[in-house]
**Q** 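Below are the structure tokens for one structure; questions will follow.
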Amino acid sequence: MQTRSGQPPVHVHPRLPTIRFRLVLLVLSCVLPAAIVSAFLIYDHYRVERASLLGEAMATARSMVAVVDRDFDTVTTALRTLSVSDALDLPDRSNFRRQAANVHAILPITEVVLYDPITHQQLMNTTVGTPLPDPGNAELLREVLRTGQPVVTGTVRNARGNGSITVAVPVLRDGVVRYVLAAEVLPAALSTILTDQKIPEHWRAAILDADYRIVARNVDIARYRGRLPEADVIARMRARPEDTFDGTTVDDRHVVMLYSRSAKSGWSVTLGVPHRTLAAGLLRTLESLIIATVVILALGLGMAWLVGGRIARSVQALIGPATELGAGRQVHPPVVDFLEAQQVGDSLVRAAAALDDAREQAASELLERRAAQEALQLADVRKDEFLATLAHELRNPMAPLVNALEIMRLAGPGAAPPPAVLDIIGRQLKQMVRLVDDLLDVSRITTDKLGIRTEAVVLQDVVSHSLETAGPLIGQRRHALAVHVPDSPVLLRADATRLAQVFSNLLNNAAKYTPNGGSIALHAVCLPEGGRVRIDISDNGIGIASDVLPHVFDIFYQADRSLGRSQAGLGIGLSLARRLVELHGGTLSAASPGKGLGSTFSVELPVAADATAPVPERDNAGGALPPLRVLVADDNIDHANTLRTLLMAAGQTVNVCYDGLSALRSAEAFDPQIAFLDIGMPRMDGYELARRLRSEPRHRDCLLVAVTGWGQDRDQQRSQAAGFDRHVVKPLQPAQLRALLQERASRATMADTAQVR
């Protein structure tokens, strides 16, 4: 679309962000993620430090519990030492009292008292000298008498009304608790444990007795001695010996509470760490991070504003050259102040110079595209011709088959079919099998999976086999065939079947494109140089035009033959033959003087000088087969029934099923020695049937043969994995059938021989 002035219209774009704005976003995208990551790392460091601090606090609580147990153990040890004194059993215990007073002087105890555990009366104390009339702690004395072990009480009121902690040990005489020796410890003596640990003033530390009552505290002990902690704290202390959690102290401070309880005495130490102590370092670091982020952002945004202005001016200077380039005028280099803009300006100059070249190249590519389109159309035409030819080639054998069947019906039921009719059916079926095999070979060629199995073979034998295959067509067309091969055997390392396929394809090709009564010659000669042999197959047929000759080996290629499309074939044979010859290390070429002057196809193959001639195999096809139990399973009823007829004619005992599940049930009672199984069957496919049979020990010697229309490599691999011994592509040839029966019969014979030995 052009305006009235001949200039292209001006396109209206929405308002776009400026370069400065983009640079601001760039600064933000760099600084903010770094700040976020830094904050995350700081928080992670805080978590590590918090865990470390709480771990140290827990270690402090454990050490304090250990000190409490150690102090009680010291008192207990002293009392045990007094309990073995001989002065204890004397009527006058003044000497024992002096001994107890000495202990009283060096330990943090107020007095030592001797009790009668039966009457609960004091017998001696170190405070007043004479026993007090008040009985001792009856529950304590009963516990010592019952267990025979030292006992530590919580904070209780003594006979003088003071709160104290009692440590009592049994005094044994002749294995019986005769006395109870008790020492009273003032709770204030435990406060030194908190003082020695140097607990921070804003922390809360407390020592609790076995009943979870506060005995010592680093703050306000006089106010809270004997108090119980919060209920949730007591519940946790009863459930676990150690724990760390958010809790509340008795003076209503929210702290991180941790405790450790002694498994020996049941006493506990609690520590309350304020949250601000744990978060102080984090808050200071975050404050520094925020300040640094703000400063960096300010500097970055200022630099983005300044640099963005210079970039914007240079970009605006590029608008003029770009406009000139769009208008097709001469481009003048812009004046800019940074390298990248200068490079863009230089690129605009070079683009203007290259624009004409691009137009010329576009015209050339248009011509190439048209040529490619024509080639694609030609390939589509060849595809349609191939499909039409395939349908034609399939209908050719079908027509005589239908006619032969109708002739057999005309003869009436029970009448033997004419031999000619049987010959027609055999020939046409072979033709259809050949077509299907060619199509499979095409698939292998296109997927590059066509392979050969080489062995030492004799060229003369391969030629004989190919003549047997091509002979019927040559005889039908009444051609004169001349064969010349060397007198001495020519040894090759080749796949005999595939090589015979090459020669038979070339012979059939010569027979089809040579008028009736023509001449065909096969001439083999050993070349004097290079250790190779050349086989020429020539005819005096319709020949090949010079423009067609380069394409005769193209797959699906169909030349216009003077004998009509009925003899054209599928356009596969020559391409397949060349590929097979190349796999043998040879070459295949075609030559023709022109249309109507015949043609010659030449095969050159390397001779295997170091190979030995193969030993001919004995032909046992005519021998009688031992009877076997044979299971046939196929949902194609006609195929299953005809296979049964062939097996019964060979003297075999046959059981036929038309689905996989019926075949599995039949195998249980029939116990087959060989089974011919289809793959695609209802109710249970052949793969699953083979796996089921192989899982039973009684069927492991059964020869499982997959008879199927699926013949690709992956199909054979699946059948082998399922447990099949052989994989045969339909139709099953009589020779194959006899070979499989002979193989199973030989296996049975070897097993019988082994048992006799």
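What you see below is based on every heavy atom in this structure, not just the backbone, and it leaves out hydrogens, waters and symmetry mates. Since the structure is predicted, the reported quantities are computational estimates derived from the model, not experimental observations. Residue indices begin at 1 and follow the sequence shown.
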**Q** Do you see a donor-acceptor pair shorter than 3.5 Å between the side chains of Ser464 and Asp461?
**A**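 Looking only at side-chain atoms, Asp461 and Ser464 do not form any donor-acceptor pair under 3.5 Å.
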**Q** Sub-3.5 Å donor-acceptor pair from the side chain of His479 to the main-chain atoms of Ile520, do we have one?
**A**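 Answer holds: no.
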**Q** Indicate yes or no: at least one non-hydrogen side-chain atom of Ile535 is less than 4.5 angstrom from one of Val525.
**A**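 A side-chain contact is absent here, since even the closest heavy-atom pair is not under 4.5 Å.
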**Q** How close do Arg698 and Asp671 get, counting heavy atoms only, and between which atoms?
**A**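 Distance-wise, the nearest heavy atoms are NH2-CB, 3.5 Å.
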**Q** Mind checking whether Leu506 and Leu588 have side chains closer than 4.5 Å, heavy atoms only?
**A**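 Yes - at least one pair of side-chain heavy atoms lies under 4.5 Å apart.
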**Q** Show the numbers, then the answer: is there a side chain to side chain contact (heavy atoms under 4.5 Å, CB included) between Lys595 and Ile544?
**A** CA-CA 5 Å; Lys595 295 188 65 174; Ile544 306 173; over 6 Å; no
**Q** Say you draw a straight line from SG of Cys702 to CZ of Arg629; how long is it, rounded to the nearest 0.5 Å?
**A**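 Here the rounded value is 9.0 Å.
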**Q** Can you find a pair of side-chain heavy atoms, one from Leu492 and one from Leu499, that are under 4.5 Å apart?
**A**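 Yes - at least one pair of side-chain heavy atoms lies under 4.5 Å apart.
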**Q** Contact between Val458 and Leu491 at the side-chain level, heavy atoms closer than 4.5 Å - yes or no?
**A**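 Yes - at least one pair of side-chain heavy atoms lies under 4.5 Å apart.
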**Q** State whether Asp725 and Arg694 are salt-bridged, where the test is any N-O pair (Lys NZ or Arg NE/NH1/NH2 against Asp/Glu carboxylate O) under 4.0 Å.
**A**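 Looking at Asp725 and Arg694, the cut-off is met.
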**Q** Before accepting this row, confirm whether a basic side-chain N of the pair Arg692/Glu688 lies closer than 4.0 Å to the acidic partner's carboxylate O.
**A**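 The answer is yes: the pair qualifies as a salt bridge.
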**Q** Is the shortest distance from a Lys or Arg side-chain nitrogen in Arg718 or Asp715 to a carboxylate oxygen in the other one below 4.0 Å?
**A**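 No, no charged N to carboxylate O under 4.0 Å.
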**Q** Of the non-hydrogen atoms in Ser519 and Asn540, which two are nearest, and what is the gap between them?
**A**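 Heavy-atom minimum between the residues: N-OD1, 2.9 Å.
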**Q** Just checking, is any N or O donor in the side chain of Thr454 or Asp495 under 3.5 Å from an acceptor N or O on the other one?
**A**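 Judged by distance alone, the side chains do not pair up.
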**Q** Which heavy atom of Cys526 sits nearest a heavy atom of Val490, and at what distance?
**A**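 Reported closest heavy-atom pair: SG-CG2, 3.8 Å.
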**Q** Is the closest side-chain donor-acceptor distance between Tyr658 and Asn641 under 3.5 Å?
**A**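 Yes, Asn641 and Tyr658 have a side-chain donor paired with an acceptor closer than 3.5 Å.
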**Q** Examine the side chains of Asp536 and Thr600 and answer whether a donor and an acceptor come within less than 3.5 Å of each other.
**A**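 No, no side-chain donor-acceptor pair sits under 3.5 Å.
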**Q** Any donor and acceptor pair, going by atom type alone, linking the side chain of Ser504 with main-chain N or O of Ala500 inside 3.5 Å?
**A**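 Here the side-chain-to-backbone pair exists.
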**Q** Sequence neighbours left out, what passes side-chain contact (heavy atoms from CB on, under 4.5 Å) with Ala690? Give chain and number order.
**A**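 Partners of Ala690 by the side-chain contact (heavy atoms from CB on, under 4.5 Å) criterion, ordered by chain and then number, come out as Leu704, Ala722, Phe724.
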**Q** With heavy-atom distances below 4.5 Å as the criterion, would you say the side chains of Asp685 and Asp678 are in contact?
**A**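 When only atoms from C-beta onward are counted, Asp678 and Asp685 do not touch, as no gap falls below 4.5 Å.
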**Q** Determine whether a donor-acceptor pair (N or O, by modelled atom type, separation under 3.5 Å) exists between the side chain of Asp659 and the backbone of Ser662.
**A**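 Confirmed, Asp659 side chain pairs with Ser662 backbone.
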**Q** With a 3.5 Å cut-off and no angle check, do the side chains of Arg498 and Gln501 form a donor-acceptor pair?
**A**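 Yes - a donor-acceptor pair under 3.5 Å links their side chains.
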**Q** Please check if the side chain of Gln652 supplies one atom and the backbone of Leu628 the other of a donor-acceptor pair under 3.5 Å.
**A**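 Yes.
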**Q** With Glu468, which residues qualify under side-chain contact (heavy atoms from CB on, under 4.5 Å), at least two apart?
**A**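 If we apply the side-chain contact (heavy atoms from CB on, under 4.5 Å) test to Glu468, skipping adjacent residues, the hits are His465.
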**Q** Distance check, rounded to the nearest 0.5 Å: Leu737 atom CG versus Leu646 atom CG?
**A**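 One finds 6.5 Å between CG of Leu737 and CG of Leu646.
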**Q** Checking side chain to side chain donor-acceptor pair (under 3.5 Å) between Ser599 and each of Asp539, Asn509, Thr514, which is the one that passes?
**A**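 Among the candidates, only Asp539 passes.
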**Q** Is there a donor-acceptor pair under 3.5 Å between the side chain of Arg744 and the backbone N or O of Gln673?
**A**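 Flag set: sc Arg744 to bb Gln673 pair under 3.5 Å.
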